[in-house]
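Working notes, beginning with the structure itself.
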Amino acid sequence: MIYSKVNIDELIDKSIIKHADKNDVGVVSYDLKTKCFYADNREYETFELMPGDSIFVGSVETVDLPSDLVASVLLRNRWIRAGLMLDAPMYFPGHETRFFFRLTNLSGGKIDLKNTEGYAQVVFEQITGGGQNYEGSYEKEFTFRGVGNFQLYKSNHRRNEEIEERVKASEMRIAESEQRVYVNVLAILSIIVAVFSIAGLNIVARTTMQIVVHILLICGAFSLLFGLLTMLVKQSERFEKIWWLPWAIVALCTVALLLIFWHYPGVMDMPIVSN
């Protein structure tokens, strides 16, 4: 026999259903209030349930079933039409617990879950002939004990999106590392070429001022090259703090050359020094 509104009211009066409100009693069922949602070992008051994903829900109400009564949790009609599916066990005689059930989003879009909404209803049915009371591992479960792996309740589509995001993040880190390597190699090559260019000057065959002019030209030119290269390649935060360094060297070399040519207009025409 399925319990009617009168019978369910009596269950509330006898505290078989606790934390209940008689205003939530229907013709042959009781509308459960939502306490919270359980995912990733946390409790949520609201949750965005993506297509194909599942989440556990706990009720505000608790129950202490007598030896002749069973309870079944069913999804309310409005949420069936919204695309939710509910899975729940049958609660056996003698079971004292909070109601827990699993919601799965079968729709094509996300569903916003809130603990101010009711999603399930419970139906009570009397059994005859007697029986054994429930003594399972979920007796007196008032706090959700979880499941083996919450990740199982994420859809394949959701997991694939997370994998793609991780792959893209890894690709970006690799690309940034490659760019830093390229710039560092170019910088080293520029320094090596500059050093050999300076070392290749015929120091004996030129005046000291001409040597200074050539050194300033080489340093300024390679600093300008390095500065232009680094503008084309994204650098790390550490390098961004000293981006101005090659341009400062270019500016100093330019100022020094202008001063030299101003004070010594014919510096490059000075006679060659011989041994």
Side-chain angles (χ1 to χ4, degrees), residues 1-39 41-49 54-106 111-147 150 153:
M1 179 186 75
I2 294 177
Y3 272 26
S4 66
K5 182 181 188 305
V6 174
N7 302 125
I8 297 173
D9 284 339
E10 292 177 355
L11 294 179
I12 296 173
D13 292 335
K14 295 177 181 178
S15 294
I16 291 173
I17 309 174
K18 300 176 182 177
H19 313 294
D21 185 344
K22 286 188 177 182
N23 293 323
D24 294 323
V25 179
V27 178
V28 292
S29 66
Y30 176 87
D31 293 336
L32 294 171
K33 288 186 173 68
T34 303
K35 180 179 183 287
C36 60
F37 307 96
Y38 303 92
N41 295 313
R42 293 177 55 191
E43 295 183 1
Y44 297 87
E45 293 184 353
T46 61
F47 196 86
E48 290 185 353
L49 194 63
S54 297
I55 193 168
F56 273 91
V57 186
S59 68
V60 170
E61 299 81 3
T62 62
V63 69
D64 187 2
L65 293 172
S67 59
D68 63 344
L69 202 64
V70 297
S72 300
V73 179
L74 307 172
L75 187 62
R76 296 174 65 175
N77 190 23
R78 60 172 294 200
W79 295 111
I80 294 175
R81 298 171 186 270
L84 287 177
M85 180 178 72
L86 182 148
D87 295 289
M90 175 177 284
Y91 289 92
F92 293 167
H95 198 165
E96 184 179 5
T97 182
R98 190 181 304 281
F99 292 105
F100 296 102
F101 52 91
R102 185 176 66 204
L103 292 178
T104 301
N105 183 358
L106 300 181
I111 297 178
D112 293 320
L113 304 178
K114 304 175 183 178
N115 67 349
T116 54
E117 295 276 5
Y119 298 91
Q121 57 191 342
V122 59
V123 175
F124 298 93
E125 188 170 0
Q126 190 174 30
I127 61 173
T128 58
Q132 184 177 353
N133 285 351
Y134 178 79
E135 295 179 354
S137 57
Y138 294 102
E139 171 66 8
K140 296 185 183 297
E141 184 186 12
F142 300 107
T143 301
F144 187 59
R145 296 176 187 171
V147 293
F150 281 100
Y153 297 99

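Small disclaimer: the values here were computed from a predicted structure and weren't measured.
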Shortest non-hydrogen contact from Pro93 toward Ser67: CB-O, 3.5 Å
Could you state the interatomic distance from OG (Ser29) to CG (Leu74), rounded to the nearest 0.5 Å? 8.0 Å
What distance separates Asp13 CG from Ile8 CD1, expressed to the nearest 0.5 Å? 12.0 Å
Can you tell me how far the CG atom of Leu11 sits from the CD1 atom of Ile17, to the nearest 0.5 Å? 4.5 Å
Would you please name every residue forming a side chain to side chain contact (heavy atoms under 4.5 Å, CB included) with Ser4, sequence neighbours left out? Val6, Asn7
In Å and rounded to the nearest 0.5 Å, what is the CE to CD1 distance from Met1 to Ile127? 12.0 Å
Distance check, rounded to the nearest 0.5 Å: Phe56 atom CZ versus Glu43 atom CD? 14.0 Å
Test applied, side chain to side chain contact (heavy atoms under 4.5 Å, CB included); reference residue, Arg98; option that passes from Lys35, Lys18, Glu141: Lys35
Start with the C-alpha distance between Phe144 and Tyr38, add both sets of side-chain angles, then the distance that settles ring pair (Phe, Tyr, Trp, His ring centres under 6.0 Å), and finish with yes or no. CA-CA 8 Å; Phe144 187 59; Tyr38 303 92; 4.6 Å; yes
Which word best sums up how the rings of Tyr44 and Phe47 line up, parallel for under 30°, tilted for 30 to 60°, or perpendicular for over 60°? perpendicular
For Val73 and Ala120, which heavy atoms make the closest approach, and how far apart are they? CG1-CB, 3.6 Å
Glu117/Arg76 ion pair, N-O < 4.0 Å: no
Please determine whether side-chain contact (heavy atoms from CB on, under 4.5 Å) holds for the pair Leu103 and Leu75, giving the CA-CA distance in whole Å, both sets of side-chain angles, and the decisive distance to 0.1 Å. CA-CA 9 Å; Leu103 292 178; Leu75 187 62; 3.9 Å; yes
Can you measure from SG (Cys36) to CD1 (Ile55) and round to the nearest 0.5 angstrom? 9.0 Å
NZ of Lys22: more than 12 outside heavy atoms within 6.0 angstrom? yes
Restricting to non-hydrogen atoms, name the atom on Leu65 and the atom on Val63 that form the minimum distance, rounded to 0.1 Å. CD2-CG2, 3.5 Å
Would you say the side-chain atoms of Thr97 pair up with the backbone N or O of Phe99, donor to acceptor, closer than 3.5 Å? no
Start with the C-alpha gap between Val27 and Lys5, add the side-chain angles, then the distance that decides, and say whether side-chain contact (heavy atoms from CB on, under 4.5 Å) holds. CA-CA 5 Å; Val27 178; Lys5 182 181 188 305; 5.8 Å; no
Hey, what's the ring geometry for Phe124 with Tyr3, parallel, tilted or perpendicular (30° and 60° as the breaks)? tilted
Would you find a donor on one side and an acceptor on the other, under 3.5 Å apart, between the side chain of Tyr30 and the backbone of Asp21? yes
Please report the closest heavy-atom contact between Met90 and Ser72, naming both atoms and the distance. CE-OG, 3.6 Å
Qualifying residues under side chain to side chain contact (heavy atoms under 4.5 Å, CB included), relative to Pro66, sequence neighbours excluded: Ile16, Asp68, Leu69
Can you give the donor-acceptor pairs under 3.5 Å from side chains of residues 79-88 to other protein atoms, not counting sequence neighbours?
from, atom 1, to, atom 2, distance (Å)
Trp79, NE1, Gly118, O, 2.9
Arg81, NE, Asn77, OD1, 3.3
Asp87, OD2, Arg102, NH2, 3.4

Nearest heavy atoms of Glu139 and Glu96, plus distance in Å: OE1-N, 3.2 Å
Suppose we screen for ring-ring contact (aromatic ring centres under 6.0 Å, His included). Which residues come up paired with Tyr138, at least two apart in sequence or across chains? none
With sequence neighbours excluded, residues passing side chain to side chain contact (heavy atoms under 4.5 Å, CB included) with Val28: Ile2
Partners meeting side chain to side chain contact (heavy atoms under 4.5 Å, CB included) with Asn115 (sequence neighbours left out): Thr34, Phe37, Glu45
